[in-house]
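To keep things clear, I will list the structure first and then write my remarks on it.
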Amino acid sequence: MTRLKLEQHPDRLVNFMIFRNVKNCVDILKMVKSGHIGSALISENMVVSSLHLGVAINRALHNLSNGSMKTKHINTEIMMCLSPNNNISHSLSRFGLNENTNNLVSVSICDNEDQLSEMTQQLKTAINADLVNDCRGFFYDDFEICDVYGISKEELAVDTLENSVVTKIATKV
């Protein structure tokens, strides 16, 4: 579990966990759709780094604070903010879970430690997978990331994939 400290939102506790070799995606999808899981569950192969994730979370919290969310819930807003475009269904299908998801990232946003501890325990119980203790590295798909974000070989020759992706989502209108 990794805590993200967002300077613009010091009143919010933000944690993320990486689960690998998920064995019960169908059950998890049912729990998400029924509202039994209160965390954002994101396909790990679409997350380049904790900075990438942090920028999207920060933007989603900013949209929540300003009343300018494009979706109805903060968890789907995070996926929307990860996306390079403003198509909600595209964002959910690209960044969310499906029946074939093997690795996922959970993002929990809470107001206090007790609530966060409860959410963390709920996720550990609900998700049948290996919990990664070291959350510094993500298993992402370079080709899919470049395709989704429209990053060319020429762009990668002068900058990193992480910087290119972060720039795309931070400057999205």
Side-chain angles (χ1 to χ4, degrees), residues 1-6 12-60 71 73-84 87-110 113-149 151 156 160-166 168-169:
M1 177 171 55
T2 299
R3 170 93 32 110
L4 289 177
K5 186 172 182 165
L6 302 176
R12 300 291 186 143
L13 300 176
V14 180
N15 277 6
F16 73 89
M17 296 184 290
I18 300 173
F19 293 91
R20 299 224 171 101
N21 305 314
V22 178
K23 296 167 187 67
N24 63 332
C25 254
V26 173
D27 297 332
I28 296 168
L29 283 168
K30 287 178 187 174
M31 287 187 269
V32 169
K33 290 177 182 174
S34 65
H36 289 97
I37 292 185
S39 299
L41 299 179
I42 302 161
S43 176
E44 184 189 15
N45 69 330
M46 294 304 297
V47 180
V48 175
S49 67
S50 57
L51 175 62
H52 178 205
L53 195 58
V55 169
I57 295 166
N58 188 55
R59 186 169 191 158
T71 66
H73 197 276
I74 188 66
N75 295 332
T76 52
E77 190 72 13
I78 292 168
M79 285 183 252
M80 183 71 189
C81 292
L82 280 167
S83 178
N87 184 322
I88 295 170
S89 61
H90 177 265
S91 301
L92 295 177
S93 66
R94 263 305 174 182
F95 296 91
L97 303 184
N98 63 46
E99 294 84 14
N100 300 319
T101 301
N102 291 321
N103 303 323
L104 66 88
V105 178
S106 70
V107 177
S108 302
I109 301 172
C110 301
E113 289 288 345
D114 291 338
Q115 187 182 25
L116 185 63
S117 179
E118 184 180 317
M119 283 181 114
T120 301
Q121 189 56 46
Q122 177 195 28
L123 288 167
K124 287 179 180 178
T125 303
I127 300 172
N128 183 6
D130 302 322
L131 179 61
V132 176
N133 290 324
D134 184 4
C135 293
R136 290 179 290 174
F138 291 86
F139 289 168
Y140 58 88
D141 184 336
D142 297 31
F143 298 110
E144 189 172 2
I145 296 277
C146 288
D147 181 49
V148 168
Y149 288 97
I151 299 170
L156 290 176
T160 65
L161 180 61
E162 178 185 49
N163 286 345
S164 297
V165 168
V166 168
K168 300 259 183 192
I169 65 169

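The basis for the numbers below is simple: all heavy atoms, side chains too, and nothing from hydrogens, waters or symmetry mates.
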Derivation and outcome, side-chain contact (heavy atoms from CB on, under 4.5 Å), residues I88 and T76: CA-CA 8 Å; I88 295 170; T76 52; 6.0 Å; no
Minimum heavy-atom separation for [X] and [Y], please, with both atom names.
| X | Y | value |
| --- | --- | --- |
| M79 | L41 | CE-O, 3.9 Å |
| A56 | I78 | CB-O, 4.0 Å |
| A126 | N24 | O-ND2, 2.8 Å |
| L53 | F16 | CD2-CG, 3.8 Å |
| A129 | F19 | CB-CB, 3.9 Å |
| C25 | T101 | SG-O, 3.3 Å |

Neighbour count above 12 (heavy atom, 6.0 Å) for Q115 CD: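 Enclosed: over 12 neighbouring heavy atoms sit under 6.0 Å from CD of Q115.
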Partner set under salt bridge (Lys or Arg N to Asp or Glu O under 4.0 Å) for R59, not counting sequence neighbours: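 R59 satisfies salt bridge (Lys or Arg N to Asp or Glu O under 4.0 Å) with no residue once adjacent residues are dropped.
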Just so I know, are the side chains of [X] and [Y] near enough to count as touching, which here means a heavy-atom distance under 4.5 Å?
| X | Y | answer |
| --- | --- | --- |
| C81 | I169 | no |
| E99 | L29 | yes |
| I151 | K168 | yes |

Donor-acceptor contact below 3.5 Å, side chain N103 vs main chain I18: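 Judged by distance alone, no pair lies under 3.5 Å.
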Q122 side-chain N/O to S39 backbone N/O, donor-acceptor pair under 3.5 Å: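 It does not hold such a pair.
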Restricting to side chain to side chain contact (heavy atoms under 4.5 Å, CB included), what partner residues turn up for [X], sequence neighbours left out?
| X | answer |
| --- | --- |
| L116 | R3, L13, N15, S108, C110, E113, T120 |
| K23 | N21, N128 |
| H90 | S83, N85, N87, R94 |
| T160 | E162, N163 |

Between [atom1] of [X] and [atom2] of [Y], what distance do you get to the nearest 0.5 Å?
| X | Y | atom1 | atom2 | value |
| --- | --- | --- | --- | --- |
| M80 | S91 | CE | OG | 4.5 Å |
| M17 | L131 | CE | CG | 6.0 Å |
| I74 | I109 | CD1 | CD1 | 5.0 Å |
| I37 | M31 | CD1 | CE | 4.5 Å |

Test log, rule side-chain contact (heavy atoms from CB on, under 4.5 Å), inputs I127 and L104: CA-CA 10 Å; I127 300 172; L104 66 88; 4.0 Å; yes
Results of ring-ring contact (aromatic ring centres under 6.0 Å, His included) for Y140 - residues two or more places apart only: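 Checked Y140 against ring-ring contact (aromatic ring centres under 6.0 Å, His included); zero matches.
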side-chain contact (heavy atoms from CB on, under 4.5 Å) between V47 and F95, worked out: CA-CA 8 Å; V47 180; F95 296 91; 5.9 Å; no
Candidate pair E44 and N102, rule side-chain contact (heavy atoms from CB on, under 4.5 Å), full reasoning: CA-CA 8 Å; E44 184 189 15; N102 291 321; over 6 Å; no
